[in-house]
There are 4 protein chains.
Amino acid sequence: MIQVGVNGYGTIGKRVADAVAAQPDMALTGVAKTRPNYEAEAAVRKGYPLYAAIPERADLFHDAGIDLAGEVEDMVMTADVIVDTTPSGVGADNRELYERYDTPAILQGGEDADVADVSFNARSNYDLARDDDVDTARVVSCNTTGLSRLLTPLIESYGVEKSRVTLVRRGGDPGQTSRGPINDILPDPATIPSHHGPDVNTIIPDVDIDTLGVKVPATLMHLHSVNVTLDEAPSADEVRDLLSAESRLFLVPEETGIDGTGKLKEFAMDTGRPRGDLWENCIWEHSVSMEGRDLYLFQSIHQESDVIPENIDAIRALLDWEDRETSMATTDETLGVGL
Amino acid sequence: MIQVGVNGYGTIGKRVADAVAAQPDMALTGVAKTRPNYEAEAAVRKGYPLYAAIPERADLFHDAGIDLAGEVEDMVMTADVIVDTTPSGVGADNRELYERYDTPAILQGGEDADVADVSFNARSNYDLARDDDVDTARVVSCNTTGLSRLLTPLIESYGVEKSRVTLVRRGGDPGQTSRGPINDILPDPATIPSHHGPDVNTIIPDVDIDTLGVKVPATLMHLHSVNVTLDEAPSADEVRDLLSAESRLFLVPEETGIDGTGKLKEFAMDTGRPRGDLWENCIWEHSVSMEGRDLYLFQSIHQESDVIPENIDAIRALLDWEDRETSMATTDETLGVGL
Amino acid sequence: MIQVGVNGYGTIGKRVADAVAAQPDMALTGVAKTRPNYEAEAAVRKGYPLYAAIPERADLFHDAGIDLAGEVEDMVMTADVIVDTTPSGVGADNRELYERYDTPAILQGGEDADVADVSFNARSNYDLARDDDVDTARVVSCNTTGLSRLLTPLIESYGVEKSRVTLVRRGGDPGQTSRGPINDILPDPATIPSHHGPDVNTIIPDVDIDTLGVKVPATLMHLHSVNVTLDEAPSADEVRDLLSAESRLFLVPEETGIDGTGKLKEFAMDTGRPRGDLWENCIWEHSVSMEGRDLYLFQSIHQESDVIPENIDAIRALLDWEDRETSMATTDETLGVGL
Amino acid sequence: MIQVGVNGYGTIGKRVADAVAAQPDMALTGVAKTRPNYEAEAAVRKGYPLYAAIPERADLFHDAGIDLAGEVEDMVMTADVIVDTTPSGVGADNRELYERYDTPAILQGGEDADVADVSFNARSNYDLARDDDVDTARVVSCNTTGLSRLLTPLIESYGVEKSRVTLVRRGGDPGQTSRGPINDILPDPATIPSHHGPDVNTIIPDVDIDTLGVKVPATLMHLHSVNVTLDEAPSADEVRDLLSAESRLFLVPEETGIDGTGKLKEFAMDTGRPRGDLWENCIWEHSVSMEGRDLYLFQSIHQESDVIPENIDAIRALLDWEDRETSMATTDETLGVGL
Ligand SMILES: NC(=O)c1ccc[n+]([C@@H]2O[C@H](COP(=O)([O-])OP(=O)(O)OC[C@H]3O[C@@H](n4cnc5c(N)ncnc54)[C@H](O)[C@@H]3O)[C@@H](O)[C@H]2O)c1
Ligand SMILES: NC(=O)c1ccc[n+]([C@@H]2O[C@H](COP(=O)([O-])OP(=O)(O)OC[C@H]3O[C@@H](n4cnc5c(N)ncnc54)[C@H](O)[C@@H]3O)[C@@H](O)[C@H]2O)c1
Ligand SMILES: NC(=O)c1ccc[n+]([C@@H]2O[C@H](COP(=O)([O-])OP(=O)(O)OC[C@H]3O[C@@H](n4cnc5c(N)ncnc54)[C@H](O)[C@@H]3O)[C@@H](O)[C@H]2O)c1
Ligand SMILES: NC(=O)c1ccc[n+]([C@@H]2O[C@H](COP(=O)([O-])OP(=O)(O)OC[C@H]3O[C@@H](n4cnc5c(N)ncnc54)[C@H](O)[C@@H]3O)[C@@H](O)[C@H]2O)c1
């Protein structure tokens, strides 16, 4: 059993904790939190051991009637691996702590690429993280994860000459009440290319990709408007077949009457997905089109959850515990990936 | 076992079906649907027998590879009671069908009050529906349900002189992509009082209540800004105690850091609620205030789910199957009402 | 001619500057700005003398090719009165500067009441600011201005026993792209009463008013859901007549088909209003209703502009330049108040 | 003087009427309206002769105290040209009326291309409409107008190999309170290409363009995420120079601090633009980038107004009244095009 500690229990952290708890070969050492808020309350109800992320604030937990299992250092000491899901930038600061105890660590996409020995996407470069010299891996952001999963099979099957993607991004997560915009469509960043293209290159070094970022007043999912100029010219149906064979790509069927992310999440909830999570890229099946060698499609990306299976696989890769196929299959089966 | 058929499988219907399936004393005869869309697909995955709501469209289901258990008339014939969860106005048209087979029926709050023999709220007037002469009951709307649950204990404990409520309503449900407004705050209706006050009087005939309706660009929950002039002048703490003793009122604790409906639904999902449903009125604990005999508070109402326990209780009341306490306790326990 | 300097050239400041420039008895000394952004650019096009609000940043203006008339201290020295329209809290810091040069100053509603000798609303308490001892006046916030204008004639004509108001507030102004919420209805503040009631009491000391604040994802205007228990029981038509006789109250006629703030601002723009500004409280005519002695109505308040005429009148009151009727009439006529 | 009648007085029609009234060589015969709503009221205030678009409803105008100049047929008879700005599809029905009186007519982009003899964009194909055989012209939609204006100079200067554009479209205009979505990012249409590309080909027949449509909860402007593979490889600065030389393209300068459409419209209003209209494509200057021969940029398009100068030019072209340069210069100068 791999002992896994989760440092930072927010949007990503709580999902990683649940996913770890569902794995046959992992045990959740505990989760480290900064404050006894509603997420702490929910963790307590699930029986997750809680560690104080900021020792000086331990009293706050006691005042709230919450028992602590210790401080974050205790968790780092005990665990075989830490998944750091603190806010952007905090992960970089935490590295020193993990090094002190020689605990391998997985960081998230909000960190710069050089925070870790490798950037990670299970489908694209699992084996890199298995290397003996690699002690830290960065699971790339929700958007980069979505693009890597899509481009990898296209590169393998047809070759990619160039990719151009407009990322229409949600302004904030559903619980982030202070984020905007309320009524605007923002070029964000206004300069081109956005950082997303270079971030894809940390996973797929030599793919030629230009990305443009837009921000809009919606909270549920991002939408990628994708163009890929392929080396070959398969039919749209062939591309659909290729993509639907991938376990982490879901082709949203036209006949379901799902017209957007509201109904998509509704479907996820109707089928019993925890929190309505959509771990898969949701590719709009009837959008997949070929014009000459130009592939076009739309994909919706659930920012809060698509990186969760990747974090689980990253644990196994980093500890050289399983090979890619076995790990991905186990992760997919235990979580229920595949709609 | 009560055989329950659900006619109309949308936002309310699918939740009623799941709740029926969870009851020890009920069995789901099936659900009637008009089209083989994503909700039908989810019903199939759950193993719910599907009936064609519109017989001429049965072929659409066959084409989509979905087996039908029959037509809606078959379901009405077989079931002991029908819960009609079709869109506003359709329920009234369906009454004749239920009468033809002498099947008691429960209708929803989108219908006019005179569509049914009684209007129903479990906490307020359960016993009325037990009457032998009563064959149909209308579970009042999400907003009226929320107001009835709140006013009833206040009337019982302190007496209510007058109530004034502003209902800040969500523009549409999360999946309703064509509803607006996008960027407006609409008096809706602009005339005062809105229909909500009179609708409360179908449940609590002689309470004096004036309501004002507003519509805003949000999808998650309604917010009620409530004023109740009581006959007595209890302290705010006494009112909080009174309200928190009610199983279907949830007092959102300040220290959880929950500041709105986004985080509220997040909490519901974190604790494993199906679809993130909030069956309870969510009363903002720190909003409960007394100024003289004037009680003020905010409550958030989850339009998609607060009527679900009421529909279950209405079944038992209409068939005179259990008394109020037993029914409500069973419903609450099987669903997990109470946060 | 009154020489008027405007310190802080943002949403409120630029409107005050335009309004000053339109007065027959005032001249715009200039406006002080912190940065050479698009608003500075627009000021330059209008020929307004620009002063550096932060002397150390003067170079930024030079780099942007903008000539400065001097530094803010020069403007304070030259002007007969300063209208301070800096962000909340900055005005308090600026007081010392105005005192140093003995320049009377008008501050805004974002400041605490004790920042100035009096709080001001033209219709309600103009004469207080004319007192010799009064050197500073605070024009109360958009919401307090809207409530004061409404309550004053009601008090005068019928007497007010108690007022209860729910303020459904826009999340941010149209240009404030980083403000939320995106999809939520927030009790804000969740505690009751909100600060708005006490703020009304700085203008009308002994009116009994309880206010509740809500925040929603819209940018155009606030909406007040108003209840006033009067001492008398006039008919709704009498109240409508009373209110429509007030120059700064506009009763939105039902037959215009205007259903919300989008169309309201459209109408303002169609009639040539600069920036589509609505200086008047916009009371929904068909919402004005009486239930016994309880008056109900909805009013929409254009946060960006309703305080503008008040600032102009405050200048004349503070300098004891004109009486109330004359000042308000001049302001209304020059701006075009009254739709 | 050209006598111009405007049939359909809504978002586009009222702007066309104002623009006609501002031309030295045109006179406004009048405007035809269906109902006496707030827009009719504003037209009356401007002194525009009103005609009943639907004769049977003439009484409604009389009841509202509005004098009519006649019925729509009278206007069609009197005018030298009609600008039809009725809702999509109605224009096609109206054609027969214009033919009956031999009155040349201009239709809008909501109509199918075959509704008129030519599709029109002043910069791209002005002369086609001057042909003797041409009696009707269709001013293409806001989006197609924006794309035609951008592509034409690029084609002329560098040649265009292929263009790929994602159109992130506003869900509704600010006054359209019933349009959504509230919280979604919709592929719309989900199939690719959207109709926008083929519509561009009605103006520029042989440009190779693929378009993708997205719909989001915002009302102010559309945003185009543009990629153009050029035949040559100019520098980004050269492209900026080329584009800024076009009178109907406005390059939004980075140093203004304008980050989105909220502040952009604010700037338009600050500079005195009627209704805050932005007749120009608003190209984000710092977004203009070259990667090899691939040009990228963002442009915001004000859907309510960018077609207005085009309608004015279309009048002169259709009547063969002036050449392109003269017409465009007159239109630009009288309206104040160019920020
Ligand atoms: N939310 C998304 O959409 C998303 C998607 C993919 C990747 N990510 C990345 O995942 C990381 C976490 O993001 P999130 O959205 O879960 O953030 P979050 O704010 O929801 O959660 C972060 C948690 O870390 C806690 N925290 C703060 N400082 C801490 C410290 N010093 N030690 C321990 N815990 C601390 C916070 O209290 C919070 O509970 C970021 O790098 C982010 O960029 C986020
Ligand atoms: N959604 C809410 O917020 C809410 C809350 C409380 C009460 N209600 C009430 O519940 C009722 C249902 O509302 P909903 O939101 O679930 O609507 P919905 O549109 O989500 O679902 C209605 C379902 O009925 C189906 N249907 C349509 N015609 C039918 C017919 N003739 N026979 C059988 N099925 C038919 C539709 O296809 C759809 O699946 C309405 O009366 C509504 O006012 C809704
Ligand atoms: N916007 C509204 O809805 C509204 C309505 C009524 C009252 N108010 C009040 O008016 C005041 C101004 O608000 P606003 O919305 O115009 O703010 P704003 O941010 O639009 O404008 C304030 C301006 O002051 C400038 N500034 C900042 N520091 C300064 C300094 N030290 N010296 C000079 N200028 C400085 C800023 O650069 C900005 O241009 C606040 O007290 C606010 O509460 C605002
Ligand atoms: N609004 C935009 O963003 C936009 C942009 C570019 C082009 N267009 C096109 O311009 C045309 C008009 O659009 P709009 O947005 O101005 O619509 P609108 O609805 O704002 O205005 C249309 C007006 O026509 C009136 N009308 C309806 N039937 C009529 C009839 N039979 N005779 C005369 N008048 C009638 C309506 O009452 C309304 O006042 C459409 O083809 C549309 O596609 C609209």
Side-chain angles (χ1 to χ4, degrees), chain A residues 9-11 14-15 17-18 35-46 48 60 63-66 172-179 181-184 216-220 252-277 304 339, chain B residues 9-11 14-15 17-18 34-46 48 60 63-66 172-179 181-184 217-220 252-277 304 339:
Chain A
Y9 192 75
T11 302
K14 65 191 177 191
R15 286 171 165 87
D18 290 353
R35 288 167 304 154
N37 69 349
Y38 71 97
E39 286 172 322
E41 169 66 21
V44 167
R45 294 186 184 198
K46 292 193 172 177
Y48 295 165
L60 291 177
D63 295 353
I66 295 177
D173 292 337
Q176 293 179 313
T177 47
S178 63
R179 292 181 65 158
I182 293 174
N183 185 37
D184 216 322
V216 302
T219 64
L220 300 178
V252 187
E254 180 164 19
E255 61 273 18
T256 53
I258 298 177
D259 65 350
T261 61
K263 292 203 183 70
L264 202 45
K265 291 218 74 196
E266 191 85 1
F267 180 56
M269 291 191 286
D270 286 354
T271 56
R273 286 286 175 97
R275 301 187 175 87
D277 280 350
E304 301 173 294
L339 270 167
Chain B
Y9 191 77
T11 302
K14 65 191 177 191
R15 286 172 166 86
D18 290 353
T34 52
R35 287 166 306 153
N37 69 349
Y38 71 97
E39 287 172 322
E41 169 67 21
V44 167
R45 294 185 184 199
K46 291 191 173 178
Y48 294 165
L60 290 177
D63 295 352
I66 296 177
D173 293 337
Q176 293 179 312
T177 46
S178 63
R179 292 182 64 157
I182 293 175
N183 184 36
D184 216 321
T219 65
L220 299 177
V252 187
E254 180 165 16
E255 61 272 19
T256 53
I258 299 178
D259 64 352
T261 60
K263 290 204 185 70
L264 203 46
K265 294 218 71 196
E266 191 86 359
F267 180 56
M269 290 191 287
D270 286 355
T271 56
R273 285 283 174 97
R275 298 185 177 90
D277 280 351
E304 302 172 293
L339 269 168

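Labels below follow one simple rule: chain letters A, B, ... track the order of the sequence lines, proteins then strands, and each chain is numbered from 1.
Listed options Met269(A), Glu39(A), Lys263(A) were ranked by heavy-atom pairs under 4.5 angstrom with chain B; first place goes to Lys263(A). The greatest number of non-hydrogen atom pairs below 4.5 Å with chain A, out of Leu264(B), Asp18(B), Thr177(B), Thr11(B), is found for Thr177(B).
Residue contact with chain A, scored on non-hydrogen atoms closer than 4.5 Å, involves the backbone and the side chain of Arg275(B) alike. In this structure, chain A has a heavy atom under 4.5 Å from the backbone of Pro36(B), while its side chain stays farther away. If you measure heavy-atom distances from Arg35(B) to chain A, you find no contacts under 4.5 Å at all. Proximity to chain A (any heavy atom under 4.5 Å) is shown, for Lys265(B), by neither the backbone nor the side chain. Of the atoms belonging to Asp270(B), heavy atoms from both backbone and side chain fall under 4.5 Å from chain A. Contact annotation for Arg15(A): only side-chain heavy atoms (C-beta onward) come within less than 4.5 Å of a heavy atom of chain B.
Taking both residues in full, the closest heavy atoms of Thr256(B) and Asn37(A) are given as O-CB, 3.3 Å, listed atom of the first, atom of the second, then distance.
In this structure, Tyr38(B) OH and Thr271(A) OG1 are separated by 11.5 Å, a value rounded to the nearest 0.5 Å.
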